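Right, one structure below, let's go through it.
This is a predicted model, so every value here is computed, not measured. Indexing begins at 1, ligand by ligand and atom by atom, following the structure's order.
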Amino acid sequence: MFQKPTLIVDPERCRRNIRRIAEKASRHNLTFRPHFKTHQSLEIGRWFRDYPIDGITVSSTSMARYFADGGWDDITIAFPFYEGMLGELKELEKEASLRLFLHHPSHASVIDAALNNPVHAYIEIDAGYGRSGISITNRKAIDELIHSIQQSDKVSFHGFYIHDGGTYQARGTEQILDRVSDSYRALQQLKADYPEAKTSLGDTPSASVLNEFDGIDEITPGNFVFYDWMQVQIGSCSPDDVAVFASLPMAQKLSNNKAIIHGGAVHMSKDFILSGEARNYGQVMLRSGNNFSELPNTFLAALSQEHGTVTGDIQAIMDSGEPVWVCPIHSCLTANLFETYHTLEGETIEKRILS
Ligand code: PLP
């Protein structure tokens, strides 16, 4: 068994998650541009090749470079464009067709001057909580941006994009549908007003539970490849869909309900969910073969840089004779902290840290 903090991927669950969303996209005639920032792995990326993938989505030019070198030739960089990207974009455009998030009328002419090949532009719409994008009510900014793109030699307008992180506050399908409804309506409205534009929706909870996609052309979720304990609480997936677990050594038993483990923020990240009043930074699981089941009321209750404090049924963990198995709260962040994945069958899956 693993002697130090190790991240385990279950390839079967992972492939099943990919298949479920890829087939859903096909069923609804949606373009599927999965976000690869969750796994950051060429090998896991290859598992998507079993399905008709129209292109991939990434969050940085370095991540685009890694996947372009691995043969992906249609790449959306789903992060607001800034001029510092141009150096890497000049190299990238030799290998892949690029889609960028433009948000200022000067961008099209900057790109015209710097790049040689055609580029597709998305306009990101603010999902309402101010992370990024232009407000749907700011039609003047949207129209000016589209106008600037229409004047460009190299940039063509692809469409509108929303990543609705608001769905992460939902608990249950009804709340997910309720949370995403403003973004959904915004995309439908934009489609009615700009019929040439494609519309893209980005988040895993809505991709997982929506069964109608009227007015939506594309989906770009990423987290679904692994899911995690937060997605279980949101209702995007069942515990049996989670495909990534951390194996963390027990270091010091403090009492029957408290232990220190080698697993801190540098391994799991600091994302948490609330278990009643308490913060849960990772759900402890018991393993039986390839199956993992929740150890009730037992979780990573505190974190410092490398130390984690588990509270709950420490004896059950000791009795299992195994390291402490922890289901990540937010697998994208946890995966980003590990240099490789392992499988229970003893294989290593290459990945990179490219955020
Ligand atoms: N698109 C963008 C712009 C994002 O920032 C993200 C994630 O943060 C995604 C898509 C994928 O969303 P999820 O992690 O819910 O799958």
Side-chain angles (χ1 to χ4, degrees), residues 14 17-18 20-22 24-25 30-41 44-45 48 53-61 63-64 67 75-82 85 98-103 120-134 158-170 175-177 179-180 183-184 186-187 198-210 216-237 241-244 269 271 273 328-336 354-355:
C14 211
N17 293 339
I18 294 168
R20 191 182 310 111
I21 299 289
K24 186 180 219 182
L30 297 166
T31 300
F32 186 32
R33 300 183 187 280
H35 207 310
F36 275 16
K37 74 173 179 180
T38 306
H39 57 78
Q40 300 190 58
S41 160
I44 296 180
F48 284 77
I53 304 298
D54 300 280
I56 64 165
T57 305
V58 299
S59 50
S60 68
T61 48
M63 203 180 289
F67 286 110
I75 303 183
T76 300
I77 301 176
F79 194 87
F81 171 78
Y82 53 93
M85 289 181 176
L98 298 175
R99 290 161 206 277
L100 304 177
F101 280 19
L102 305 192
H103 51 93
H120 303 273
Y122 280 98
I123 297 180
E124 187 183 12
I125 301 298
D126 180 359
Y129 56 99
R131 183 189 79 161
S132 51
I134 299 175
H158 178 76
F160 296 101
Y161 189 110
I162 298 187
H163 168 259
D164 193 342
T167 57
Y168 278 69
Q169 307 309 318
Q175 284 188 20
I176 298 173
L177 297 178
R179 290 261 174 184
V180 80
S183 298
Y184 194 91
L187 289 175
K198 301 283 184 207
T199 50
S200 300
L201 190 60
D203 62 293
T204 281
S206 54
S208 302
V209 308
L210 273 176
I216 311 282
D217 297 304
E218 304 179 351
I219 53 169
T220 61
N223 175 283
F224 71 93
V225 69
F226 292 152
Y227 286 119
D228 52 38
W229 201 246
M230 191 183 309
Q231 298 289 350
V232 173
Q233 309 311 307
I234 292 170
S236 315
C237 66
D241 296 323
V242 180
V244 73
S269 91
D271 263 15
I273 54 165
I329 297 301
H330 189 170
S331 60
C332 306
L333 293 184
T334 305
N336 182 61
L354 297 157
S355 35

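At a heavy-atom distance under 4.0 Å, only side-chain atoms of R131, from C-beta outward, approach ligand 1. Within the 4.0 Å heavy-atom criterion, the part of Y168 lying near ligand 1 is the side chain and not the backbone. Counting heavy atoms under 4.0 Å from ligand 1, residue F79 does not touch it at all.
Close contacts between ligand 1 and T204 involve ligand atoms 13 (P), 15 (O), 16 (O) [criterion: under 4.0 Å to a heavy atom]. Near D203, the atoms of ligand 1 lying under 4.0 angstrom from a non-hydrogen atom of the residue are 12 (O), 15 (O). Within ligand 1, the atoms closer than 4.0 Å to a non-hydrogen atom of A78 are 3 (C), numbered from 1 in the order shown. Less than 4.0 angstrom separates some heavy atom of G222 from each of these atoms of ligand 1: 11 (C), 13 (P), 16 (O).
Taking 4.5 Å as the limit, every side-chain heavy atom of Q175 sits out of range of all side-chain heavy atoms of I234.
Scanning the protein heavy atoms around atom 7 (C) of ligand 1, the nearest turns out to be K37 NZ, 2.9 Å. Distance from atom 1 (N) of ligand 1 to its nearest protein heavy atom, with residue and atom name: Y161 OH, 2.5 Å. Among protein heavy atoms, the minimum distance from atom 9 (C) of ligand 1 is reached at H163 CD2, 3.3 Å. Of all protein heavy atoms, the one lying nearest to atom 11 (C) of ligand 1 is G202 O, 3.3 Å.
For the residue pair Y122/E218, the side-chain donor-acceptor check at 3.5 Å is satisfied. Defined by atom type and a distance below 3.5 Å, a donor-acceptor pair is missing between the side-chain atoms of Y161 and T76.
In this structure, T199 OG1 and L187 CG are separated by 5.5 Å, a value rounded to the nearest 0.5 Å. Atom-to-atom distance recorded for H158:NE2 and S200:OG is 5.0 Å, nearest 0.5 angstrom. Here the CD1 atom belonging to I44 is positioned 10.0 Å from the OG1 atom belonging to T38, to the nearest 0.5 angstrom.
For the pair Q231 and ligand 1, the shortest N or O to N or O distance does not fall below 3.5 Å.
Among L177, T167, I216, the single residue meeting the side-chain contact (heavy atoms from CB on, under 4.5 Å) criterion with L210 is L177.
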Derivation of the side-chain hydrogen bond (donor to acceptor under 3.5 Å, both in side chains) call for S206 and D203: CA-CA 6 Å; S206 54; D203 62 293; 2.6 Å; yes
